[in-house]
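As the structure is a prediction and not an experimental result, all values here were calculated from the model. Just so we're on the same page: letters track the sequence lines, and every chain starts at 1.
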Amino acid sequence: DAMVIQNPRYQVTQFGKPVTLSCSQTLNHNVMYWYQQKSSQAPKLLFHYYDKDFNNEADTPDNFQSRRPNTSFCFLDIRSPGLGDAAMYLCATSRDFGRMYEQYFGPGTRLTVT
Amino acid sequence: AQTVTQSQPEMSVQEAETVTLSCTYDTSESNYYLFWYKQPPSRQMILVIRQEAYKQQNATENRFSVNFQKAAKSFSLKISDSQLGDTAMYFCAFIVNDMRFGAGTRLTVKP
């Protein structure tokens with residue numbers, strides 16, 4: 001089945017130690033998104049890629065970076081994780097960018113910062 | 001500002017009964033899409049139902065239907081004949097440019 005895959009499902013990192021979360025998709029979608037979801041809160045968009053074009057949300061901290069080496073893979077890098085970065089990180093894809101395109105979500109990576 | 005409000009953090013319903021989840025939103029745009037997503041425990045978020053703002057007819061997908069009131073900026077989800085597998089977090093969302101989510105309603109279906 002075509003899907004969005006996130007690895008690892010659970011990640012523990014130390015305060016200030018860089019960490020990378022991975023997302024891959026077999027849907028061949030043009031757009032990939034990264035959301036941060038803190039406990040009991042709405043998912044918050046961090047950034048998205050339309051093909052190779054990177055689009056950062058205005059309020060996404062500089063501590064968060066992303067890479068998309070090819071259509072299938074997208075990475076979220078947190079350069080110096082703080083305790084406040086502990087959250088569920090959701091990757092999503094859509095065929096194209098626009099209001100009519102459904103987003104397909106991965107299962108998420110739960111990040112713990114110690 | 002474009003915001004989504006789900007006023008019911010938690011709800012429960014007996015199996016086979018009907019439940020309605022509330023959602024209100026705020027936008028100055030006239031053309032947008034509305035969605036309900038379901039996130040089962042430890043599983044990925046999946047689309048339940050979508051509604052285009054220009055369509056007056058309420059969307060229906062099997063046991064799931066919406067009551068879309070554009071003037072009131074209201075988009076509630078009705079689940080009929082609730083099943084145990086409906087237990088999940090439900091997120092209301094809308095998209096003009098970027099997807100905006102509500103904080104979610106945790107629904108528990110009791111046997």
Side-chain angles (χ1 to χ4, degrees), chain A residues 1-10 21-27 29 31-50 53-60 87-110, chain B residues 1-11 21-55 59 61 70 75 88-107:
Chain A
D1 287 341
M3 54 179 26
V4 182
I5 303 160
Q6 291 188 246
N7 287 305
R9 294 290 307 277
Y10 301 91
L21 309 183
S22 170
C23 177
S24 64
Q25 53 127 344
T26 61
L27 297 159
H29 282 174
V31 191
M32 296 187 77
Y33 308 82
W34 279 104
Y35 289 88
Q36 180 191 63
Q37 184 182 18
K38 295 188 176 180
S39 181
S40 302
Q41 295 184 22
K44 178 182 177 300
L45 181 65
L46 296 174
F47 25 61
H48 75 269
Y49 271 95
Y50 183 92
D53 293 332
F54 178 70
N55 297 272
N56 199 31
E57 290 297 297
D59 56 354
T60 298
M88 177 75 86
Y89 290 88
L90 301 174
C91 175
T93 73
S94 64
R95 186 160 57 88
D96 210 319
F97 189 76
R99 61 199 67 172
M100 72 288 291
Y101 294 102
E102 175 186 350
Q103 292 188 19
Y104 294 79
F105 286 83
T109 295
R110 184 168 297 282
Chain B
Q2 297 174 350
T3 59
V4 182
T5 302
Q6 294 180 248
S7 59
Q8 305 148 315
E10 293 190 22
M11 295 188 73
L21 310 183
S22 301
C23 173
T24 59
Y25 59 93
D26 188 24
T27 181
S28 57
E29 298 289 334
S30 59
N31 187 17
Y32 47 88
Y33 276 72
L34 295 151
F35 304 86
W36 278 98
Y37 278 90
K38 169 185 177 182
Q39 188 178 37
S42 301
R43 297 185 64 185
Q44 61 215 78
M45 198 142 54
I46 58 173
L47 180 68
V48 174
I49 198 165
R50 86 171 83 187
Q51 173 84 39
E52 184 177 0
Y54 267 111
K55 291 188 177 179
E61 288 286 343
K70 190 173 184 180
F75 183 60
M89 196 77 167
Y90 286 81
F91 290 97
C92 176
F94 82 100
I95 185 168
V96 174
N97 295 309
D98 298 332
M99 183 86 81
R100 304 282 173 164
F101 287 89
T105 296
R106 187 176 303 280
L107 176 67

Heavy-atom distances under 4.5 Å only: say whether A:Arg9 touches chain B with side chain, backbone, both or neither.
side chain
So which atom in B:Phe101 and which in A:Ala42 form the shortest heavy-atom distance, rounded to 0.1 Å?
O-CB, 3.3 Å
A:Gln103 versus chain B, heavy atoms under 4.5 Å apart: side chain, backbone, both or neither?
both
Side chain, backbone, both or neither: which part of B:Tyr32 has an atom under 4.5 Å from a heavy atom of chain A?
backbone
Side chain proximity check, A:Tyr35 to B:Met45, heavy atoms < 4.5 angstrom:
no
Side chain / backbone / both / neither for A:Gln41 at chain B, heavy atoms under 4.5 Å:
backbone
Counting heavy-atom pairs under 4.5 Å with chain B, which one of A:Gly106, A:Ala92, A:Gly108 comes out on top?
A:Gly106
Can you tell me which of B:Arg100, B:Gln39, B:Gln6 forms the most heavy-atom pairs within a distance under 4.5 Å of chain A?
B:Gln39
Flag if over 12 foreign heavy atoms under 6.0 Å of CZ, A:Arg95
no
Contacting moiety of A:Tyr33, where chain B heavy atoms sit under 4.5 Å:
neither
OH of A:Tyr104 to CG of B:Leu47: how many Å apart, nearest 0.5 Å?
8.0 Å
Determine the option with the most heavy-atom pairs under 4.5 angstrom with chain A, choosing from B:Ala93, B:Gly102, B:Pro9.
B:Gly102
Nearest 0.5 angstrom please: A:Lys44 NZ to B:Asp98 CG, how far?
10.5 Å
Which region of B:Phe35, side chain (C-beta onward) or backbone (N, CA, C, O), has a non-hydrogen atom less than 4.5 Å from a non-hydrogen atom of chain A, or is it both or neither?
side chain
Does some side-chain heavy atom of A:Tyr101 sit less than 4.5 Å from a side-chain heavy atom of B:Met99?
no
